[in-house]
Amino acid sequence: APSDPEVTLVQLSRLISRDPALSAILMKYASSALLRTQQPPKSLLDVLRVLGMAQVDRLTMAHSVKSLFTLHSAGHKKLFMRAWERLVMKASTCAMLARLLGTVTAEHALLASLLSEVGSLAVLSAFRNDSVTPSSELYDKLCSEYSQSLGIIVLKKWSVDDNYIEIIRNTGNWHCSPGHTLQLLDMVNLALYHVSKAQG
């Protein structure tokens, strides 16, 4: 029956197998010591059973964030690597805070932090060759001006959950906190603060 979860997993594994890079990422994650599985998964179907649909969804989205932005030149790549390093530092910090606090899963926090920076990559994707690659200073100014609105547009186009869009709307808004205890937005903003301080 189409509603059979096992049928859905088989169909999904066939679809994912068309993307070798994503397959490798999922296999590596499912085999990691973090998950403490007794036997490492031997097939994509095993991987999906170990990770579950929600985790596969989060990992696929994280993979998409990086792979959807094509590099066009050496200057473009340099700016991308700088932006990606910042993004990874921020996401890792956010995931660690989530792990320590235990209010949301580290994977959920990591994805929220990654998605909050999609607009910065979208700004970079507007430049196609060396002749129009901006300086680091100009790129930072463009991100400051446009990354939030572009990020919201991209996430809406991807039909991402509204909760992630609200995170983008309030990233960097130090006075916005959704509750009396530390919430996901607080973790994203704390991670942003620490990365901004570290990068000067």
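- Between Cys94 and Ala191, the shortest heavy-atom contact is N-CB, 3.7 Å.
- Taking all atoms of both residues into account, the shortest heavy-atom contact from Ala106 to Ala98 is CA-CB, 3.9 Å.
- Taken from OG in Ser136 to NZ in Lys141, the straight-line distance is 12.0 Å, to the nearest 0.5 Å.
- Under a hydrophobic clustering in which Ile, Leu, Val, Met, Phe, Trp and Tyr are joined whenever their side-chain heavy atoms come within less than 4.5 Å, directly or via other members, Ile153 and Leu155 fall into different clusters.
- By the salt bridge (Lys or Arg N to Asp or Glu O under 4.0 Å) test, Asp140 pairs with Arg82, sequence neighbours left out.
- Side-chain atoms of Ser113 do not come within 3.5 Å of backbone N or O of Leu110 as any donor-acceptor pair.
- Counting side-chain heavy-atom gaps under 4.5 Å among Ile, Leu, Val, Met, Phe, Trp and Tyr, the cluster of Met96 also holds Leu100.
- Note that the CG atom of Leu22 and the OG1 atom of Thr60 stand 4.5 Å from one another [nearest 0.5 Å].
- Note on residues 175-186: no pairs pass salt bridge (charged side-chain N to carboxylate O under 4.0 Å, His left out), not counting sequence neighbours.
- By the ring pair (Phe, Tyr, Trp, His ring centres under 6.0 Å) test, Tyr164 pairs with His108, sequence neighbours left out.
- Residues Val154 and Leu121 form no side-chain contact, since every pair of their non-hydrogen atoms from C-beta on lies 4.5 Å or further apart.
- Evaluation of the side chain to side chain donor-acceptor pair (under 3.5 Å) rule for Asn163 yields Asp161 as partners, not counting sequence neighbours.
- Glu145 pairs by the salt bridge (Lys or Arg N to Asp or Glu O under 4.0 Å) definition with nothing, not counting sequence neighbours.
- Between Ile165 and Val160, the shortest heavy-atom contact is CD1-O, 3.9 Å.
- For Thr181, the side chain to side chain donor-acceptor pair (under 3.5 Å) criterion is met by Gln183, not counting sequence neighbours.
- The salt bridge (charged side-chain N to carboxylate O under 4.0 Å, His left out) analysis of residues 9-23, with sequence neighbours excluded, yields no pairs.
- Here side-chain hydrogen bond (donor to acceptor under 3.5 Å, both in side chains) pairs that include residues 83-98, with residues two or more places apart or in two chains, are Lys90-Ser116, Lys90-Glu117.
- The environment of OH in Tyr139 is crowded: more than 12 heavy-atom neighbours from other residues, nucleotides or ligands sit within 6.0 Å.
- Residues Ile16 and Val47 have side chains not in contact (no heavy-atom distance under 4.5 Å, counting atoms from C-beta outward).
- Cluster membership check: Val118 shares its hydrophobic cluster with Leu142, using side-chain heavy-atom separations under 4.5 Å among Ile, Leu, Val, Met, Phe, Trp and Tyr.
- Hydrophobic side-chain contacts under 4.5 Å tie Leu192 into a cluster, directly or through other members, with Trp174, Tyr193.
- Screening residues 168-179 for salt bridge (charged side-chain N to carboxylate O under 4.0 Å, His left out), with sequence neighbours left out, gives Glu166-Arg169.
- Placement of Leu51 and Leu12 within a single hydrophobic cluster is found when ILVMFWY residues are connected by side-chain heavy-atom separations under 4.5 Å, directly or transitively.
- No donor-acceptor distance shorter than 3.5 angstrom exists from the side chain of Ser120 to the backbone of Ser147, with no hydrogens or angles considered.
- Between Ser17 and Ser23, the closest heavy-atom pair is CA-OG, 3.7 Å.
- Hydrophobic clustering places Leu45 together with Met27 (ILVMFWY residues linked when any side-chain heavy atoms are closer than 4.5 Å, directly or through intermediates).
- In the hydrophobic clustering (ILVMFWY side chains linked at under 4.5 Å, chained through shared members), Ile167 is joined by Leu97, Leu101, Val104, Leu182, Leu184, Leu185, Met187, Val188, Leu190.
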